[in-house]
2 protein chains.
Amino acid sequence: MTSSCIIRHFEHYAELGPEEKELLASLEKAPKSFPKGSLVWQQGMDSDYFFTVHSGWACSLRNMENGSRQVLDFYVPGDVIGLREFAFRRRISNMMTITDAILCPFPKQHLTDLFARSRLLCNLFFMMAARDQAILIERLINLGRRSAREKVAHFLLEMAHRLDKACADIADCNHLPLTQVLMADALGLSTVHVNRTLNELKQQSLTASASDGVVILDREQLSKVAGFDPEYLQEDVESLLHNISDAPTLVNNSSGG
Amino acid sequence: MTSSCIIRHFEHYAELGPEEKELLASLEKAPKSFPKGSLVWQQGMDSDYFFTVHSGWACSLRNMENGSRQVLDFYVPGDVIGLREFAFRRRISNMMTITDAILCPFPKQHLTDLFARSRLLCNLFFMMAARDQAILIERLINLGRRSAREKVAHFLLEMAHRLDKACADIADCNHLPLTQVLMADALGLSTVHVNRTLNELKQQSLTASASDGVVILDREQLSKVAGFDPEYLQEDVESLLHNISDAPTLVNNSSGG
DNA sequence: CGATGGATTGACAATATTCAAAGACAGTGG
DNA sequence: CCACTGTCTTTGAATATTGTCAATCCATCG
């Protein structure tokens, strides 16, 4: 089918040598198709695969004993999902598609191998893990110290920015396929309150609703409402690459010198 | 002074070869002493160093425009702090000591070098980054979908468990040097409400207060209150090591085979 | 001893939740 | 083309939870 989506993703950050491409390609099994609402994995299962998101959206979530749930993060095309489970034998959260999606699995145990073979890829993976953390802490701030209005606004903007970077070419980045229920569970609010908050924003023409989700109309104004600063989404690939080429060469990989 | 605290930390996870010890030791500058309340680093500064916590507690936090703040995580002896900043040129949050503390700095740019030289250390660092994420998502769930009572209880238990693993030998792990203000800022609550919640717990003899913090009296009962499950704190080092020894040897590092 | 940082309290207000019911909309099958 | 179904959205009223303000208390420290 489509050629390796993992390669496409990493090329987004740095130029890859032929060996690196080969390495990445070898990790990737056939892309797998998941209809909307599929459980990609479930808490407690063996964490044996990572995935890249080729198309569609997914989210990780945790079901609580009392029936409520917390959505931890959403994933858009280009994202790598599951790195968080590297430290654990079993999955620590559920992963669900929220639109029809195509995901590209690759086995977790090969990551260790890859780390040894390509310094560049190793560093890029580490960078992605760090970025994931940055996103999580911003979500933490969102949950802890912002009003419902700010929460909704900030969240929408984050997702739009992530779309910008990942797939400005193939999608309308102001159009987010999110139900109010999902947003509520992500923001720690009730559905009813998300609805009311969203309606406020609509009345000010900052957002609108589409048949299958939310639409951002006015990013600038919305940024003011949210106090949004996209800095935490901008990785510093440049100095990473610089560090890599500075370090003594011990491994026989390419990636110029 | 003290011999390398980084080595001590990593030996907690796996047996290190002499080369790995050397590598780690070379990273570490002289341990540095910080009085209680020091700003170790500030948002926006160059993120050029990581630290291990040798003694004392620290926390990362973000100051909000409206004067409030969000504490992101606390760090206890043995923790590595700053991995999150790997992807970024500038620090994305503040780091502050909350007791007198000794931290061991090591330069960020050497991490890349280290990744190339020791497969074991590379994987362990990656594992720690994944664990950090696990802690963050648990804090997320805490903020999003638990009552004040559950928040406080869950948080106290997490910190106690982390102390258990890190320094059961040198400290009373039920004794946490946390003010109510800090807890409030970590849990997204007001100080007043933390106080009331804590008083409830005290009246049920689940916790008590000491001159310099909180004391956990009854972990079992508190776990019930919180719905606490420590699984997310247990890394699976064993299968990680297994994966490492399975992977083909390309790098000239030790760590048996 | 006064100064400081933290803990505690009460009264009141704001914010968000719950419950329950109805409306909108797309997809399905007759 | 229409009724039927399921999912998502919208609304109102009552309630619960948590926040704010302001004052007091308490211990520690120089």
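The sequence lines fix the lettering, A, B, ..., with proteins before strands; numbering per chain opens at 1. Bear in mind that the values here come from a model prediction, so they are computed numbers and not experimental data.
- With rounding to whole Å, Met183(B) atom CE is found 21 Å from dG5(C) atom P.
- Using a 4.0 Å cut-off, some side-chain N or O of Asn199(A) falls inside it from OP1 or OP2 of dT11(D).
- A salt bridge links Asp185(A) and Arg69(A); the closest N-O separation between the charged side-chain nitrogens and carboxylate oxygens is under 4.0 Å.
- Taking the side chain as every heavy atom from C-beta outward, Tyr75(A) and Met95(A) approach each other to under 4.5 Å.
- Atom CZ of Arg146(A) and atom P of dA16(C) are 14 Å apart (whole Å).
- Whole-Å rounding puts the Leu201(A) CG to dT10(D) P distance at 12 Å.
- Two residues, Ser211(A) and Arg196(A), neighbour DNA chain C, and the one matched to the more 5' nucleotide by heavy-atom proximity is Arg196(A).
- Met96(B) is not listed as a side-chain neighbour of Ser38(B), based on a closest heavy-atom distance of 4.5 Å or more.
- Side-chain proximity of Val192(B) to dA16(C), dA22(D), dT17(C): nearest is dA22(D).
- Among dT9(D), dT8(C), dT9(C), the nucleotide with an atom closest to any side-chain atom of Gln180(B) is dT8(C).
- Ser190(A) comes within 4.0 angstrom of a base, heavy atoms only.
- When rounded to the nearest whole Å, the span between CG of Asp212(B) and P of dA27(D) equals 15 Å.
- Each of Gln133(A), His9(A), Glu235(A) was checked for a side-chain contact (heavy atoms from CB on, under 4.5 Å) with Met128(A), and the lone residue meeting it is His9(A).
- When the nearest nucleotides of DNA chain D are assigned to Arg145(A) and Thr191(A) by heavy-atom distance, the more 5′-ward of the two goes with Thr191(A).
- The side chain of Leu189(A) sits closest to dA16(C) out of dA16(C), dT8(C), dT9(D).
- For dT8(C), the OP1/OP2 oxygens have a side-chain nitrogen or oxygen of Lys202(B) closer than 4.0 Å.
- In this entry the distance linking CE of Met64(A) with P of dT17(C) reads 14 Å, nearest Å.
- Ring centroid separation for the pair Phe74(A) and Phe155(A) comes in under the 6.0 Å cut-off.
- Here Gly213(B) lies out of heavy-atom contact (under 4.0 Å) with every strand.
- Side chain of His193(A), nearest nucleotide from dA7(C), dT17(C), dT10(D): dT17(C).
- Atom CG in Asp185(A) sits about 12 Å away from atom P in dT9(D), given to the nearest Å.
- In summary, the side chains of Asn66(B) and Arg145(A) do not present any donor paired with an acceptor at a separation below 3.5 Å, with no hydrogens or angles considered.
- Here the nucleotide nearest the side chain of Ala148(B), chosen from dC8(D), dT18(D), dT17(C), is dT18(D).
- No engagement by Gly37(A) is indicated, since no non-hydrogen atom pair under 4.0 Å with the nucleic acid exists.
- At dC8(D), none of the side-chain N or O atoms of Lys36(A) fall inside 4.0 Å of OP1 or OP2 (strictly under the cut-off).
- Between the CD atom of Glu200(A) and the P atom of dT15(C) there is a distance of 10 Å, given to the nearest Å.
- Atom P of nucleotide dG5(C) and atom CG of Leu178(B) are separated by 19 Å, given to the nearest angstrom.
- Among dT18(D), dT20(D), dT11(D), the nucleotide with an atom closest to any side-chain atom of Asn195(A) is dT11(D).
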